[in-house]
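Both counts, for ligands and for their atoms, begin at 1 and track the order of listing. A quick note: this is a predicted structure, and the numbers were derived from the prediction, not measured. Computed over heavy atoms, backbone and side chain alike; hydrogens, waters and symmetry mates excluded.
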Amino acid sequence: MIMADSIQALYIHIPFCRHLCPFCAFAVRKERAALHQQYLELLFQEMQLRNQQFQDRLGTLQSIYIGGGTPSCLSQEEVKSLLDRVQSLFSCSPNTEISFEVNPEDASHHYIQGLAQLGINRLSLGMQSLQEPVLRKLNRNHTVNHVYSALDALEQHAIQNYNLDLMFGVPDQTLKMFQADVKQLFCYHPTHFSLYGLDIEPNTPFAHKPEIVNKVIQAKELSQEMYLWAIDYLQSQGVVQYEVSNFSKSDCQSRSNLSVWSGKPYLGFGIGAHSYFPYQRWANYRSFRKYQLALDTQEWPVAFHETLSPIQQANEKLMLGLRQTSGFSTNCWQEEWGLEWPGKNQELVDQFCWQGHMFWNPPVISLSPQGMLLADEITEQLMLS
Ligand code: SF4
């Protein structure tokens with residue numbers, strides 16, 4: 001068994017959103033500035049509890065990721081108080097990557113400059129598209145003008161490491177529209193792209209709109225075409241795919257992403273946040289009230305907790321490895337868990353390679369771009385039961 005690593009990554013969830021998007025399945029709630037202070041106090045309580053629990057397992061942080069929801073609903077003073085508390089409880093260095101998600105309507109010059117002064121050194125802009133009809137279809141709270149102003153602000157301040165979130169496979173979005181967006185963004189200097197195909201998540205407003213569900217199903221083939229085109233085009237511009245949905249310039253991969261996918265421990269704080277510490281994972285309550293009630297009584301605000309069996313660990317490693325272009329080493333099952341790579345799996349690998357979905361460079365298997373489109377299905381077939 002591998003010795004547990006020290007904890008070097010934190011995720012902090014800020015659930016507030018000014019407007020709830022109809023496709024979104026994250027743990028979010030309608031923005032109410034009056035609740036910010038109360039929520040931040042709850043976050044601090046949770047951090048204190050985990051700090052006490054793991055004090056001999058905490059390393060210097062490599063990454064802090066402040067996501068949501070919409071973290072940019074917080075004022076600069078609130079972000080400062082959050083970072084001050086994190087830095088009082090956890091060891092950081094000038095090298096710690098501090099990522100912060102910003103929505104275009106909040107990304108004014110003043111706000112971005114303030115974030116840079118607070119030590120935030122990586123931003124992620126939830127822009128989704130440069131086409132007004134696409135933004136309207138997604139019922140986003142921002143316009144294309146907001147996106148351009150945000151991009152100008154990002155270019156003019158000290159935070160040179162920034163990600164752009166883009167969506168594809170949106171009803172009525174054409175291949176030309178998507179291609180024009182991606183090309184246009186190279187007038188700027190993003191270091192990272194996250195591309196997400198629109199999926200209909202259960203219990204979201206879109207899931208209850210048959211006309212949207214049907215259009216998303218009908219757009220599946222086009223959506224795949226957009227994805228495969230983007231992989232090639234981004235690569236031609238020096239932005240290389242490193243995970244199913246993530247692409248970066250060299251050395252600009254998100255450290256937070258990498259630590260999760262390489263199976264390193266991380267702590268998540270806030271409603272709905274997930275954590276992993278070998279070999280346990282847990283998820284917090286998604287309900288603000290339950291999260292608060294638990295912390296008010298000094299209990300863990302945890303809705304779900306499980307200890308992974310060796311087979312679950314091996315399957316998890318397979319799933320995380322296949323999502324990354326670096327792939328999965330079949331040796332690691334033997335080395336880490338004493339498990340044989342089953343003959344049945346080798347037959348499947350040969351079949352996936354023959355179909356053009358997989359590469360086999362012994363002992364590493366990895367998915368081709370076409371295979372990335374089927375990552376979940378392929379992983380499921382290779383998992384041990
Ligand atoms: S702004 Fe982002 S997190 Fe908030 S509802 Fe929309 S998609 Fe979800």
At less than 4.0 angstrom from any non-hydrogen atom of Gly69, what atoms of ligand 1 do you find?
3 (S)

For Ser256, all residues meeting side chain to side chain donor-acceptor pair (under 3.5 Å), sequence neighbours excluded:
none

Please check if any side-chain donor atom of Gln346 sits under 3.5 Å from a side-chain acceptor atom of Trp341, or the reverse.
yes

Pair up each side-chain donor or acceptor in residues 63-74 with any protein partner under 3.5 Å, not counting sequence neighbours, and list the distances.
| unit_1 | atom_1 | unit_2 | atom_2 | d |
| --- | --- | --- | --- | --- |
| Tyr65 | OH | Glu101 | OE2 | 2.7 |
| Thr70 | OG1 | Phe16 | O | 3.4 |
| Ser72 | OG | Asn103 | N | 3.1 |
| Ser72 | OG | Asp106 | OD2 | 2.6 |

Shell of protein N/O/S atoms around atom 6 (Fe) of ligand 1, taken as anything under 2.8 Å:
Cys21 SG

In terms of heavy-atom contacts, Met167 and Gln173 come closest through O-NE2, 3.1 Å

Just list the side-chain donor-acceptor pairs under 3.5 Å for residues 113-121, sequence neighbours left out, or say none.
| unit_1 | atom_1 | unit_2 | atom_2 | d |
| --- | --- | --- | --- | --- |
| Asn121 | OD1 | Ile98 | N | 2.7 |
| Asn121 | ND2 | Thr96 | O | 2.9 |

Looking only at the side chains, is there a donor atom on one of Gln53 and Arg50 sitting less than 3.5 Å from an acceptor on the other?
yes

